[in-house]
Amino acid sequence: MDDRARVEKAAHEVVEEHDPRSVPVREFLAAWFAAGLTWVHFPEGLGGLGVSRGLQARANAILQGAGGPNPFFLNPIGHGMAAATVLEHGSRELAQELLPPLATGEHIWCQLFSEPGAGSDLAGLATSAVLDGDEWVVNGQKVWTSFAHRARYALLLARTDPDQPKHKGLTYFVLDMHAPGVETRPLRQMTGQAEFNEVYLTDARIPDTHRLGAVGNGWRVAMTTLMNERSAIGGSSSVRGAGAIADAVELWARYPQRHTPVLRDKLAALWTRAEAQRLTDERARRSATSGSPGPEGSIAKLVSAELNQHVYEFCMELIGPEATLYGDYTQRDAERNEDYRGPVQQRFLRSRANTIEGGTSEVLRNILGERILGLPGDLRADAGKPWKEVPRG
């Protein structure tokens, strides 16, 4: 039996034995994991079958086509970034501990990277981790942390050697968000929601067994996370016409009285761009291997972020004066099972963050220019200097 047939057989067996329309979501996701279909390219016993990453789309099509959920939407940081990072840089014992509850959504994850003084310049972060016996004591502040208010675990990048240049003095950890010394404060957005947070770390302790990678090798580990993040955010649906463009098409059908040749041309152009992105992503998925995504994932994230904004700008133009109507800025409880996308006006406001989160478009263009096209890099005045000697503020 070839790998594709093996994946299809396993997926059909999960659906037959655990009907997603009748069993609890976590039970279905647990069966999904046990069958090796959560991440098909992972090793057997850790949610995978050890086959090509490109077969994931086939497994998802069967499981979601039968009514199963999209695991990424339930636990975006966990599925899109944490799982691959833990697998590649953690011990097998740590992966066996953390991956099953991550896969089922029992444990939500967040990512403690950005700081008030180091956003796009991630390597300039100041949060410190000091070794004390077999534990690390962490102090600092993180910001723009999605799902921190719901998370059980966090991916944490901290500075362990201020005498090294900024990229070399970093170490990577898994932090228990329920540990003493971890405080989360919501940051309310212009949508009225507070999916972002700031997180304060005051003498928070992390066992050394929850360190990912070697001490001082945190930047390399972080690249695994970031490349997976950009591929996950940028990857469009494999269904033709799905995603943001579906909202635009639906509104076009709802408001025939507002059709004009100019708007028709704009919608056609946006639909063509969305379809080009979908096909590009599909080609990338089919050619993918079991390895980690490379910098090419930045292309998908860059394109999808800007396309989303353009789609919702079109929607606002189409609905005209109704675009100004936004009736509810109530801060909702993110624990509830609701559709937080809200009305199209809210989706437009939320889309403004697309070109910032997961790497700004400016940073992504630098990555593509330097690492894909081989263009000269930016001049960096702090190159080679110890972090503690670099002016900040």
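Because only heavy atoms are used, hydrogens play no part in the values below, and waters and symmetry mates are left out as well, while side chains stay in.
For T171 and T160, the side-chain atoms include at least one donor-acceptor pair closer than 3.5 Å. Using a 3.5 Å distance cut-off with no hydrogens or angles, the side chains of E322 and Y255 do pair a donor with an acceptor. For the 3.5 Å distance criterion, the side chains of T355 and Q309 qualify, holding a donor opposite an acceptor. A donor-acceptor contact closer than 3.5 angstrom links the side chains of E198 and Q141. Judged by distance alone, the side chains of N60 and Q56 do bring a donor and an acceptor atom under 3.5 Å apart. D247 and Y312 form a side-chain donor-acceptor contact under 3.5 Å, judged by distance and modelled atom types alone. Inspection of the Y326 and T191 side chains reveals no N or O donor paired with an N or O acceptor under 3.5 Å.
Looking at R254, its side chain never comes within 3.5 Å of a backbone N or O of P256 through a donor-acceptor pair.
How far CD1 of I372 is from CD1 of I299: 5.5 Å, rounded to the nearest 0.5 Å. Atom CD1 of I206 is separated from atom CH2 of W136 by 9.5 Å, given to the nearest 0.5 angstrom. N70 contributes atom CG, which lies 7.5 Å from atom CG of L74 (distance to the nearest 0.5 angstrom). Here OG1 of T104 is found 8.5 Å from CG of N75. Values are rounded to the nearest 0.5 Å. Here the OG1 atom belonging to T224 is positioned 13.0 Å from the CE atom belonging to M81, to the nearest 0.5 angstrom. A distance of 4.5 Å separates CD of Q193 from CD of Q346, quoted to the nearest 0.5 Å.
W252 and W271 fall within the same hydrophobic cluster, where Ile, Leu, Val, Met, Phe, Trp and Tyr residues are linked whenever their side-chain heavy atoms come under 4.5 Å apart, directly or through other members. In terms of hydrophobic clustering, with Ile, Leu, Val, Met, Phe, Trp and Tyr side chains grouped at heavy-atom distances under 4.5 Å, L94 and L155 are assigned to a common cluster. One hydrophobic cluster holds both I77 and L87 under the rule that ILVMFWY side chains link at heavy-atom gaps under 4.5 Å. Each of V138 and V174 belongs to its own hydrophobic cluster when Ile, Leu, Val, Met, Phe, Trp and Tyr are linked at side-chain heavy-atom distances under 4.5 angstrom.
A salt bridge links R350 with E357: at least one charged nitrogen is closer than 4.0 Å to a carboxylate oxygen.
Put simply, the side chain of V311 does not reach to within 4.5 Å of the side chain of F314, judged on heavy atoms. Residues F348 and C315 are not in side-chain contact: their nearest non-hydrogen atoms beyond the backbone lie 4.5 Å or more apart. At least one side-chain heavy atom of H310 sits under 4.5 Å from a side-chain heavy atom of R273.
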Residues D2, R4; criterion salt bridge (Lys or Arg N to Asp or Glu O under 4.0 Å); working and verdict: CA-CA 6 Å; D2 63 19; R4 180 182 176 89; over 6 Å; no
If you apply the rule salt bridge (Lys or Arg N to Asp or Glu O under 4.0 Å), what do you find for E306 with R365, and how did you get there? CA-CA 12 Å; E306 297 185 351; R365 285 186 165 89; 2.9 Å; yes
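Taking the ring centre of Y200 as origin, the terminal cationic atom of R185 falls inside the region bounded by 6.0 Å and 45° from the ring axis.
A side chain to side chain contact (heavy atoms under 4.5 Å, CB included) with H89 is found for exactly one of T225, V221, N217, namely V221.
The shortest non-hydrogen separation linking A59 to L37 is CB-CD2, 4.2 Å. Pairing each heavy atom of H18 with each of A31, the nearest pair is CD2-CB, 3.4 Å. Smallest separation of non-hydrogen atoms from M177 and L112: SD-CD1, 4.1 Å.
Checked against the 6.0 Å centroid criterion, the rings of H107 and Y153 qualify as a close aromatic pair.
Listed by chain and number, the residues in a ring-ring contact (aromatic ring centres under 6.0 Å, His included) with W387 amount to none (sequence neighbours excluded).
In this pair, F147 and H149 present their aromatic rings parallel. The plane angle is below 30°, not in the 30 to 60° band.
Pairs of residues two or more places apart, or lying in two chains, never qualify as salt bridge (Lys or Arg N to Asp or Glu O under 4.0 Å) while including a residue from residues 101-112.
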